[in-house]
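Below, chain A is the first sequence line, B the second, and so on; all start at residue 1. On a predicted model such as this, the values are computed, not experimentally measured, just so you know.
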Amino acid sequence: MPDLLIELFSEEIPARMQARAAQDLKARMTDGLVEAGLTYAGAAAFHTPRRLALAVDGLLDASPTLREERKGPRVDAPEKAIEGFLRGAGVAREDLKVQDDKKGQVYVAVIEKAGRPAAEIVAEVLTSVIRNFPWPKSMRWGAGSLKWVRPLHSIVCVLTTEAGAEVVPLNIDGIASGDRTAGHRFHAPDRFTVTGFEDYAAKLKRAHVVLDAQERADHIWQDATNMAFAAGLEVVEDKGLLAEVSGLVEWPVVLMGDIGAEFLGLPPEVLQTSMKEHQKFFSVRNPKTGRIEKFITVANRETRDNGATILAGNQKVLAARLSDARFFWENDQRVAKAGMGEWQDSLNNVTFHNQLGSQGERIDRIAALAREIAPMVGADAALAEQAARVAKADLSSEMVYEFPELQGLMGRYYAQAAGFPDEVAAAAQEHYSPLGPSDDVPSAPVSVAVALADKIDLLTGFWSIDEKPTGSKDPFALRRAALGVIRLVLNNNLRLRLDRLFDAQILRHRINPDGTSDRALLDELLQKVADHGVIGAAFRSVLDQVENKPAWVEKITAHKPDLSDDLLAFFHDRLKVYLRDEGLRHDVIDACLAMPGADDLSLLVKRAQALGSVLATEDGENLVQGFKRANNILAQAEEKDGVSYEFGADPKFAEDASETALFNALTAAKPQIDAAIEAEDFNAAMEALAALRAPIDAFFTAVQVNSDNQVVRRNRLNLLHTIRETCLKVADLTKLEG
Amino acid sequence: MAQTTDTPRSFQEIILRLQAYWASKGCAIMQPYDMEVGAGTFHPATTLRSLGSKPWAAAYVQPSRRPTDGRYGENPNRLQHYYQYQVLIKPSPPDLQDLYLGSLAAIGIDMEMHDIRFVEDDWESPTLGAWGLGWEVWCDGMEVSQFTYFQQVGGHDCHPVSGELTYGLERLAMYVLGVDHVMDMPFNDPQAPIALSYGDVFRQTEQEYSRWNFDVANTEVLLKHFEEAEAECEAILAQAHDDPKTGKRIVMAHPAYDQCIKASHLFNLLDARGVISVTERQAYIGRVRALAKKCADAFVQTDAGGWVAGEVTA
């Protein structure tokens with residue numbers, strides 16, 4: 001059984017693409033081989049900056065011979081049909097067999113496909129894999145037409161058996177396969193011959209190339225931590241950076257260097273970001289002080305001065321970079337200490353979105369909404385408004401211009417420097433959170449108010465200009481913003497009527513771009529929104545009463561009333577995805593969405609969780625079956641009779657003890673459920689509901705609803721209606737599946 | 001390849017060595033283009049000659065201007081006027097990386113002692129409608145060059161592909177010479193009877209241009225010039241290919257392209273004056289790109305651009 005070795009040797013492959021490319025090479029190659037009939041025992045792919053390699057062992061010598069029997073026409077079929085069949089099958093008349101079939105005697109062609117030698121298949125599959133390789137970005141070079149990530153220089157393709165190694169011949173755009181490769185660009189540039197994977201890996205190591213990326217990463221991490229430890233320090237862990245750096249070297253040499261004392265006063269995050277982004281350095285921290293004191297860089301070679309020249313060069317480059325950072329930091333501090341006014345002013349000239357006005361206008365809206373939300377989340381309204389005005393000021397700072405990923409964090413430093421209260425400074429950093437599904441959720445009330453206002457402004461803004469996410473397109477990260485609101489509300493157990501906040505903010509969006517001066521009227525209208533809720537008929541009649549309508553009021557009047565409903569539905573979709581990840585069924589959520597107050601997400605989730613847990617019990621599951629049975633019978637009767645049975649049952653018409661018992665159980669449960677729902681104790685409500693399971697079951701077992709006695713029948717249908725009515729108080733059980 | 005070379009002593013020696021090196025590798029050593037440009041890529045020897053099928057190999061120094069980078073000569077690394085060294089070879093030879101490393105050795109960078117790396121950096125010029133893939137080349141963590149395989153220029157796919165090398169000369173020279181502030185760098189030999197530093201040559205002009213770029217340049221005039229250059233470019237290209245006077249086919253790609261370069265630099269000046277808003281910025285860049293594309297269209301209609309009478313060009 002031969003082993004296969006492939007190496008695609010090129011100019012430097014971007015670090016971020018290497019691992020994926022090695023996997024693609026493995027998957028596409030082995031899929032292609034198997035499809036052509038060549039099975040194998042194992043395969044492993046490798047990558048360095050200059051090569052992708054694949055080792056496949058235990059490959060078949062050749063694909064197996066395939067034998068196919070194809071049934072043809074009857075022996076007495078017209079000659080034309082038989083000739084056509086022979087052509088299609090590619091066999092001669094004398095090779096046909098005759099077989100008995102239910103149609104009579106028919107011709108059968110036996111088609112044999114001879115197996116093909118492994119080399120032939122390998123060459124074919126590799127050619128196709130190279131020509132169709134899924135690089136995220138590829139290019140042409142020289143006068144050729146082949147596309148690869150960077151110029152491809154050589155191809156090793158060798159099949160190894162006990163008898164020896166043999167090159168699989170192939171030629172792609174003038175690059176002929178062979179059995180020769182080169183080592184490290186500087187340490188061992190000469191080409192050498194390889195006979196199989198073990199020989200290849202061993203010779204590469206002698207030629208200063210560590211083939212396995214994990215081995216390179218382990219080596220880097222071990223040397224780095226050892227060096228730091230010896231100096232009484234620790235390396236700041238960064239897996240992404242480690243993977244990237246391992247993709248930039250074939251022969252990693254770890255070097256630790258000093259950061260100039262004049263830069264140690266910079267915030268550790270600034271040092272870390274500058275070193276990582278520009279230089280791909282690891283930060284080395286003093287565990288006692290938390291300060292970043294040194295850096296680790298990884299070179300791609302050994303030198304006779306043990307890296308002294310390389311380290312000196314890196315140190316110099318770093319000093320230039322950090323001088324810039326310090327220059328930004330010092331300039332920014334000056335503006336911050338003067339109260340940040342300069343930055344806030346300049347945000348008025350920065351366009352947020354051409355239909356949604358400037359950053360300054362956006363901040364005004366966020367501040368107004370944060371003020372409105374503050375009392376609902378236990379924050380001081382004035383502080384929340386101030387925090388909202390300060391929160392984005394750092395976007396104008398030089399440091400954030402240079403390192404956008406430091407937004408918020410710099411805001412916090414600068415707000416502190418400006419002497420703002422701690423809550424305000426914290427909100428500058430925290431109001432962007434949560435960013436991802438696993439990101440921490442802020443809990444400080446001022447931060448929560450600003451974080452909610454920021455996200456709701458974003459969502460209502462894009463909704464009001466009809467820029468909603470579609471399919472995979474969500475350029476403004478609106479799904480993430482909605483999830484952020486959901487997590488802020490649920491984690492902090494907030495009770496918010498979202499639809500009113502949506503409406504108020506949609507109004508601000510409608511009005512602000514016109515720069516209205518009519519504050520009093522706007523405030524009055526916003527108050528009406530708070531009173532009336534959703535923009536719709538009620539609100540419209542309020543608008544009708546405004547005398548001498550300014551243009552912007554006309555604009556609101558023409559406003560589509562379902563905008564905030566649509567946004568709420570978007571929230572519900574996100575909530576379903578979120579709760580599904582938490583283990584709640586989507587139909588359980590649907591059953592609760594149909595209940596009033598569905599814009600109060602905490603209430604909604606509380607209800608859904610209670611329903612979910614009662615459904616997990618036997619009583620709950622059976623109760624739902626009982627409810628559905630009652631509902632179906634009732635619905636059929638109502639349709640048939642053309643009336644609705646909501647008169648209420650009377651126990652005096654009960655014929656069976658089970659009827660009386662159910663009647664009593666329902667009568668007892670009703671006030672319990674009402675009280676529990678009133679108290680928002682959904683678990684108690686669900687328990688009271690689940691307790692109805694036994695009497696409902698007993699009722700259905702004992703009696704036939706559709707009795708011949710019309711009075712009894714009507715009374716029973718009325719009883720079923722009470723079941724339905726009682727159950728629907730808790731959730732819309734008709735939405736449940738199964 | 002990794003031979004040890006003695007260290008150069010001045011800025012100009014580094015330039016002279018690069019010239020000698022690339023001349024020895026067969027490049028035509030061209031002179032700077034006689035117009036204000038933002039980068040060596042704008043020289044028609046790169047932009048236009050990277051188009052079409054004809055082989056090409058050129059190297060040259062190009063003074064480049066970036067008005068927004070002016071710092072009155074005070075910043076150790078930033079200048080509004082600086083030099084780029086540019087190499088363009090079409091088709092890109094298979095050993096271009098080795099040729100490039102040879103040029104570093106030629107200016108005294110000892111490969112045995114330094115850590116040279118090719119780090120992903122794709123190049124795109126929105127004003128030229130051009131892009132390519134390649135790297136920034138790091139020497140001990142410092143970017144010393146851009147290395148690009150041109151894929152598209154002026155909206156045209158490059159066939160064959162050109163390999164382009166760009167060296168930021170001041171930064172590279174400061175590194176090789178071990179100088180921390182650009183103005184302290186020896187311009188000519190420090191032992192010369194009249195030794196001149198980079199500052200002796202350029203500090204004053206940096207101050208003068210910084211002031212003019214940022215505060216004085218007449219934006220109305222600049223804007224008018226921009227529009228004139230744009231109009232002239234279009235007018236040149238609108239001319240019939242056949243010259244009525246000589247009766248010859250003369251497509252005026254280069255004169256038109258001069259106007260495109262002019263428009264581009266005027267835009268940079270307007271940008272430095274801070275009179276272009278974020279949204280307008282894109283629009284201006286789009287206008288220059290439109291000119292660059294038309295010039296490229298015209299160039300491939302010329303002999304140098306591979307045009308052959310009777311053949312239809314793609």
Side-chain angles (χ1 to χ4, degrees), chain A residues 11-17 49-50 137-145 147 149-151 153 174 185-187 189 244 247-249 253 255 257 278-281 297-305 307-321 323-324 327 349-351 354, chain B residues 1-2 53 55 75-78 89-98 101 109-122 131-135 137-144 147-152 157-163 171 174-175 178 180-181 274 277-280:
Chain A
E11 296 178 11
E12 277 76 357
I13 306 167
R16 67 190 169 93
M17 299 178 188
R50 293 210 288 166
K137 265 187 192 172
S138 58
M139 53 163 272
R140 293 173 287 104
W141 60 94
S145 62
K147 285 192 158 194
V149 63
R150 293 292 183 277
H153 280 275
R185 185 190 280 287
F186 300 106
H187 279 301
E244 186 182 0
L248 288 172
V249 291
V253 175
L255 302 167
H278 292 309
Q279 301 304 132
K280 308 193 198 298
F281 289 170
T297 183
V298 182
N300 189 31
R301 66 162 306 144
E302 294 166 8
T303 60
R304 59 179 181 274
D305 65 354
T309 308
I310 295 174
L311 195 57
N314 274 286
Q315 234 152 301
K316 202 163 171 178
V317 181
L318 179 64
R321 292 287 189 191
S323 305
D324 276 351
F327 179 73
N349 302 322
V350 178
T351 307
N354 57 9
Chain B
M1 171 183 64
S53 56
N75 186 292
N77 305 298
R78 272 192 212 276
I89 306 180
K90 179 175 77 175
S92 64
D95 59 346
L96 188 57
Q97 280 188 314
D98 288 337
L101 292 171
I109 295 179
D110 177 359
M111 300 293 147
E112 295 288 314
M113 299 303 288
H114 293 276
D115 182 32
I116 310 289
R117 230 86 72 67
F118 291 84
V119 180
E120 178 190 14
D121 191 31
D122 300 338
W131 67 277
L133 300 189
W135 311 273
V137 185
W138 285 16
C139 175
D140 301 337
M142 190 184 72
E143 183 194 339
V144 289
F147 191 128
T148 309
Y149 292 101
F150 278 4
Q151 302 295 302
Q152 215 179 52
D157 279 346
C158 299
H159 275 293
V161 167
S162 301
R171 189 165 21 170
M174 283 167 68
Y175 189 73
D180 290 329
H181 197 297
S277 75
V278 184
T279 31
E280 282 176 318

Would K316(A) and M142(B) count as a side-chain contact (heavy atoms from CB on, under 4.5 Å) here? Give the steps. CA-CA 9 Å; K316(A) 202 163 171 178; M142(B) 190 184 72; over 6 Å; no
To the nearest 0.5 Å, what is the distance between [atom1] on [X] and [atom2] on [Y]?
X       : Y       : atom1 : atom2 : result
L133(B) : E11(A)  : CG    : CD    : 12.0 Å
L311(A) : D115(B) : CG    : CG    : 11.0 Å
R304(A) : M113(B) : CZ    : CE    : 4.5 Å
W138(B) : N300(A) : CH2   : CG    : 12.5 Å
I13(A)  : F118(B) : CD1   : CZ    : 14.0 Å

Quick one: of N75(B), D122(B), D157(B), who has the most non-hydrogen atom pairs under 4.5 Å with chain A? D122(B)
Could you check whether any side-chain N or O of [X] sits under 3.5 Å from a backbone N or O of [Y], counting only pairs where one atom can act as donor and the other as acceptor?
X       : Y       : result
R150(A) : G134(B) : yes
E12(A)  : R117(B) : no
Q151(B) : R140(A) : yes

Among P49(A), G144(A), P151(A), which has the most heavy-atom pairs under 4.5 Å with chain B? P151(A)
Between T297(A), D305(A), T309(A), V249(A), the one whose heavy-atom pairs under 4.5 Å with chain B are most numerous: T309(A)
Applying side-chain contact (heavy atoms from CB on, under 4.5 Å), run through L101(B) and F186(A) and close with a yes or a no. CA-CA 10 Å; L101(B) 292 171; F186(A) 300 106; 3.9 Å; yes
Measuring heavy-atom distances to chain A, does I116(B) have an atom under 4.5 Å in its side chain, in its backbone, in both, or in neither? both
Under 4.5 Å heavy-atom distance to chain A, tell me which part of F150(B) shows up: side chain, backbone, both or neither. neither
With a 4.5 angstrom heavy-atom cut-off, which part of [X] approaches chain B: side chain, backbone, both or neither?
X       : value
S323(A) : neither
H187(A) : neither
V149(A) : backbone
K137(A) : both

Please walk me through it: do D98(B) and R185(A) pass side-chain contact (heavy atoms from CB on, under 4.5 Å)? CA-CA 10 Å; D98(B) 288 337; R185(A) 185 190 280 287; 3.9 Å; yes
Between V119(B) and K280(A), does a side-chain contact (heavy atoms from CB on, under 4.5 Å) hold up when you go through it step by step? CA-CA 11 Å; V119(B) 180; K280(A) 308 193 198 298; 3.9 Å; yes
